[in-house]
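For reference, the structure is listed below as C-alpha cells.
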Amino acid sequence: MSGGDNHVAGRRHSQLRLAVKALGLGWRAARAETLILLVLTCAAAALPGAAAWLGKLLLDELALGSAATMSRVTTLVVLAGVIAAMTAAIGHVSGLVELRQRHATSIRVTDQLYRRVNAISGLRHFEDPSFLDQLRLAEQGAQGAPDEVAGFARETVRSVVTLASFAGVLIVIWPPMALLLIVVAVPATLVHLHIARLEVRAAEQATGRHRRRAFFATMLTDPRAAKEIRLFGLGRVFHDRMIRLQRSAAGLELRVAGRTAVAQTLLTTVGAAVVGLGGLVVARGVLSGRLTIGDVGLFGAAVAGVQGALFGMVFKTGQLTSALSLFRSFVTVLETPADLPSGRRTVPPLRIGIEFRDVWFRYGTGAWILSGVSLVVPHGTSVGLVGANGAGKSTMTKLLCRFYDPDRGQILWDGIDIREFDIEQLRSRIQATFQDYMNFDLTARENIGIGDIGRVDDRARIRQVAEMAQIHEMISGLPRQYDAMLSRAFLDEETQERGVLLSGGQWQRVALARSLMREDADLLILDEPNSGLDVVAEHSIHHTLHQHRRGRTSLLVSHRLAALRDADLIAVLVGGRIAERGSHDVLMAADGEYAGLFRLQASGYQDERVAG
Ligand SMILES: Nc1ncnc2c1ncn2[C@@H]1O[C@H](COP(=O)(O)OP(=O)(O)OP(=O)(O)O)[C@@H](O)[C@H]1O
C-alpha cells in the first residue's frame with residue numbers, strides 16, 4: 001500500500017472521532033492525573049471571579065473613607081491574599097501534574113507506534129518515503145494530540161465557569177458588552193481555524209525536508225561516514241545541503257507565522273476598541289452616579305475574564321484542530337493493514353526441499369527482477385547461486401525469508417506455499433547472513449546471541465558459533481571479552497568506558513556467528529558470507545561451513561566461485577531466469593556461462609611466470 005492510500009484511509013476519520021480517540025488515549029495513559037487536573041481546573045476557574053468580587057467589596061469599603069471598618073478591610077485583604085496564594089499553588093501543582101500526564105502519554109504513544117512498526121513484517125513500507133514521512137508525522141502528532149484534547153476540555157470547563165461568573169456582572173453593568181465580546185470572538189475563531197489548517201499543511205510539507213536534514217546531520221557525525229566525508233571533502237557540501245533544507249522548512253513555518261501575526265494584530269486591535277468603548281460607557285456611569293468605583297474595578301476584571309475565556313477557547317480551538325490533523329497520521333499508521341498477511345499453518349520440519357516455481361518479482365512497479373525463476377533446493381543439499389551484479393540473487397534470498405511476496409508464482413516448502421505459514425515461525429526455521437548485514441552497537445555477546453534471541457545469554461553456544469566463525473580468539477583478547485561494547489558511538493552502559501571498533505572482516509565473522517546461532521534451523525542462507533575475509537580465514541571458514549552444511553539444506557550466494565565449487569548444485573541466474581544448472585563438473589563440461597566465469601576468475605589467480 002502506498003503512502004497515498006494511507007492518507008486516504010486516514011481522511012475517513014472525522015475530527016470528532018479523532019478527538020475521542022486522542023482523549024481515550026490520554027485517559028488510559030494517565031487516569032489519576034486527568035482527574036486531578038479536572039478538579040484543579042474547576043477550582044482555578046472559580047478563583048478569578050471570587051478575587052474580583054472581593055476587590056469590588058474592598059474598593060467600595062475604602063471609598064467610604066473614615067466610615068470604613070478596619071476589621072472588615074483586614075478580612076477582605078486576608079481573603080484576597082489567600083485566593084492569590086491558592087491561585088499560585090494551583091498553577092504550580094497543575095504544571096507538575098500536566099508534566100506527569102505528558103510523559104505518561106508520550107510513553108504510551110511511543111509504545112503503540114513502535115509495536116505497530118514491529119508488526120509490519122515485510123520491507124516494502126520501510127522503503128516507501130511517504131510512509132516514512134507519515135511515521136514521523138505520527139510520532140509528532142500523537143505526542144501532542146491527547147494533551148491538546150485534554151487541554152481543550154479543561155479550557156472549556158475553565159471558560160464556562162469564568163463566563164458564568166462574569167457574564168452576569170457585565171449584563172448588570174452594561175448589557176451590550178457581553179454581546180460585543182462574543183461578536184468579536186466569532187471571526188477570531190474562523191481565523192484561527194484557517195491558521196490551524198495552514199500550519200498542518202506546512203508541517204506535512206516540511207516533514208520530508210526534516211527527515212532529509214536529519215540524514216545529513218547524521219552523516220556529518222556518524223563515525224562510519226567520517227572517513228569518506230573527510231577524504232572526498234563532503235563536509236561542506238552536506239553541511240550546505242542540510243542548512244538549505246532547514247532554511248526551507250523554517251521558511252514554510254515562518255510564512256504561516258507571518259500570516260498569524262497579522263491576523264492576531266487585527267483581532268487584538270478590534271478587541272481593544274471594544275474594551276475601550278465599554279470603559280467609556282462605565283466611566284460615564286460613574287460620573288452620573290449610577291455606578292460606584294468598585295463597579296469600575298469589577299467591570300474591568302469581568303471584561304478581562306470574559307475576553308480571556310473567549311479568546312482562550314478560540315486559541316485552543318485552533319491548536320486542537322492542528323493537533324488532531326497530525327493525530328490522523330498516528331491513527332493511520334496504527335491502522336495500516338498488514339503488508340504481508342501471515343498464514344496460520346505451522347511450519348513442518350523440512351523433509352523434501354524448497355522450490356521456486358515460476359517466480360516473478362519486481363520492486364513496486366519497476367522492471368521485472370525475476371521473470372519465471374524455477375529452482376529446486378532438495379532437502380539436505382546445498383545449492384550455489386551465481387549471477388552478475390543486480391541479477392537478483394539477494395532478491396531470491398529475501399523472497400525466501402518472506403520479506404516480500406512474489407508477484408506471480410510460488411515458493412514452496414515441502415510443497416506448501418510459504419504464504420500459508422505463520423511468518424514468525426517460518427523465519428525462526430531459517431539461519432541467514434545477508435550481504436548488507438548489520439553492525440549493532442551492542443556488546444560482542446549480544447551481537448552474536450541475538451541470532452537466537454532466546455539464547456542471548458547462552459554463553460557456551462555463543463562461544464561455539466564464535467569459534468566456528470573464527471572470531472572467538474579475537475573477542476577473548478578484548479579487555480571485557482564477550483561483554484565488550486562493539487561501538488565507538490556509545491559508551492559501555494555499565495562501565496561508561498569507550499567501546500571497541502572491529503575491522504570489516506571481523507564484523508563479517510560476527511555476523512556469520514550470529515547467523516549460526518539457530519541450531520535447529522532447517523534452512524541456511526549465506527549471501528556473500530566471505531567477501532571481507534582474509535585468505536586464511538576464508539579457507540578455514542569455508543571448511544567449517546562445509547562441515548556445518550553437511551546434511552542441511554542451504555542456499556549459497558557468492559561471487560567467489562571457488563567457494564561454491566563443492567555445492568551439490570550450482571544455478572546461474574541470467575535475465576531473471578535460471579540459465580544453467582548442474583554440479584561444478586557438469587557445468588564446466590557444458591562450457592557455458594558458468595565455465596566462462598570460472599575460468600576468468602581462476603586465470604586471475606594464476607602466476608603468469610608459473611604458468612609460463
Ligand atoms: N529494495 C529494493 N527496491 C528497489 N529495487 C531493488 C531493491 N533491492 C534491489 N533492487 C534492485 O533489484 C535488482 C537485483 O538486486 P539484487 O540485490 O537481488 O542483486 P544481486 O544479484 O544480489 O546483486 P549483487 O551481486 O550485486 O549482490 C537490482 O537491479 C537492484 O537495483
Side-chain angles (χ1 to χ4, degrees), residues 1-29 101-152 192-215 245-246 248-250 252-253 255-257 316-339 364:
M1 193 181 71
S2 75
D5 294 336
N6 281 334
H7 213 58
V8 172
R11 292 269 179 251
R12 282 201 305 265
H13 296 284
S14 68
Q15 295 278 89
L16 186 64
R17 264 194 71 194
L18 288 172
V20 171
K21 270 181 184 283
L23 202 58
L25 200 154
W27 167 248
R28 282 189 293 277
Q101 188 192 38
R102 202 168 314 135
H103 280 304
T105 312
S106 172
I107 290 170
R108 194 175 179 94
V109 159
T110 311
D111 174 62
Q112 288 194 355
L113 196 60
Y114 287 95
R115 243 177 230 272
R116 179 68 206 123
V117 167
N118 273 344
I120 298 174
S121 43
L123 302 188
R124 268 192 212 277
H125 284 318
F126 298 102
E127 294 165 351
D128 174 2
S130 40
F131 178 76
L132 296 175
D133 281 353
Q134 189 131 53
L135 202 54
R136 193 185 164 113
L137 282 173
E139 192 162 16
Q140 207 179 317
Q143 306 283 349
D147 273 1
E148 288 297 342
V149 181
F152 182 79
H192 275 88
L193 286 178
H194 179 64
I195 288 172
R197 275 193 288 275
L198 292 182
E199 278 173 352
V200 170
R201 203 172 315 144
E204 282 172 356
Q205 285 171 351
T207 304
R209 291 172 220 198
H210 281 307
R211 277 204 310 114
R212 193 89 181 117
R213 192 206 82 86
F215 160 74
L245 285 161
Q246 190 163 353
S248 129
L252 290 170
E253 204 175 297
R255 218 170 302 149
V256 177
K316 277 278 172 199
T317 308
Q319 278 191 328
L320 179 72
T321 310
S322 64
L324 286 182
S325 301
L326 293 179
F327 188 67
R328 198 188 294 278
S329 298
F330 175 73
V331 174
T332 306
V333 171
L334 287 200
E335 292 180 356
T336 302
D339 55 338

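Scanning all heavy atoms of the two residues, the minimum distance from L324 to L18 falls at O-CD1, 3.6 Å. A pairwise comparison of heavy atoms in L326 and A203 identifies CD2-CB, 4.3 Å as the closest pair. Scanning all heavy atoms of the two residues, the minimum distance from P146 to A22 falls at CB-O, 3.5 Å. Across all non-hydrogen atoms, the minimal contact from A145 to F327 is CB-CD1, 3.4 Å. Minimum heavy-atom separation, V256 to L198: CG2-O, 3.8 Å. Taking each heavy atom of L25 and R108 in turn, the nearest pair found is O-CD, 3.9 Å.
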Stepwise, does the side chain to side chain contact (heavy atoms under 4.5 Å, CB included) test hold for E127 with L123? CA-CA 7 Å; E127 294 165 351; L123 302 188; 4.1 Å; yes
Carefully, step by step, assess F131 and R124 under the rule side chain to side chain contact (heavy atoms under 4.5 Å, CB included). CA-CA 10 Å; F131 178 76; R124 268 192 212 277; over 6 Å; no
Checking R209 against S248 for the side-chain hydrogen bond (donor to acceptor under 3.5 Å, both in side chains) test, could you report, in this order, the C-alpha distance in whole Å, the side-chain angles of both residues, the deciding distance, and whether it holds? CA-CA 8 Å; R209 291 172 220 198; S248 129; 2.7 Å; yes
For L135 and E139, run side chain to side chain contact (heavy atoms under 4.5 Å, CB included): C-alpha distance rounded to whole Å, both residues' side-chain angles, the deciding distance at 0.1 Å, then the answer. CA-CA 6 Å; L135 202 54; E139 192 162 16; over 6 Å; no
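Separating the CG atom in D133 from the CZ atom in R136 is a distance of 9.0 Å, to the nearest 0.5 Å. T317 OG1 to F152 CZ: the interatomic distance, rounded to the nearest 0.5 Å, is 4.0 Å. Remark: R201 CZ to S325 OG distance equals 10.5 Å, nearest 0.5 Å. Summarising the geometry, atom NZ belonging to K21 is positioned 12.0 Å from atom CZ belonging to R328; distances are rounded to the nearest 0.5 Å. A distance of 10.5 Å separates CG in L113 from CG in N118, rounded to the nearest 0.5 Å. Separating the CD atom in Q205 from the CD atom in E253 is a distance of 12.5 Å, to the nearest 0.5 Å.
In this structure, the side chain of S106 does not engage the main chain of R102 through any donor-acceptor pair within 3.5 Å. Under a 3.5 Å cut-off, the side chain of R116 and the backbone N or O of T336 do form a donor-acceptor pair.
R115 is listed as a side-chain neighbour of D111, based on a closest heavy-atom distance under 4.5 Å.
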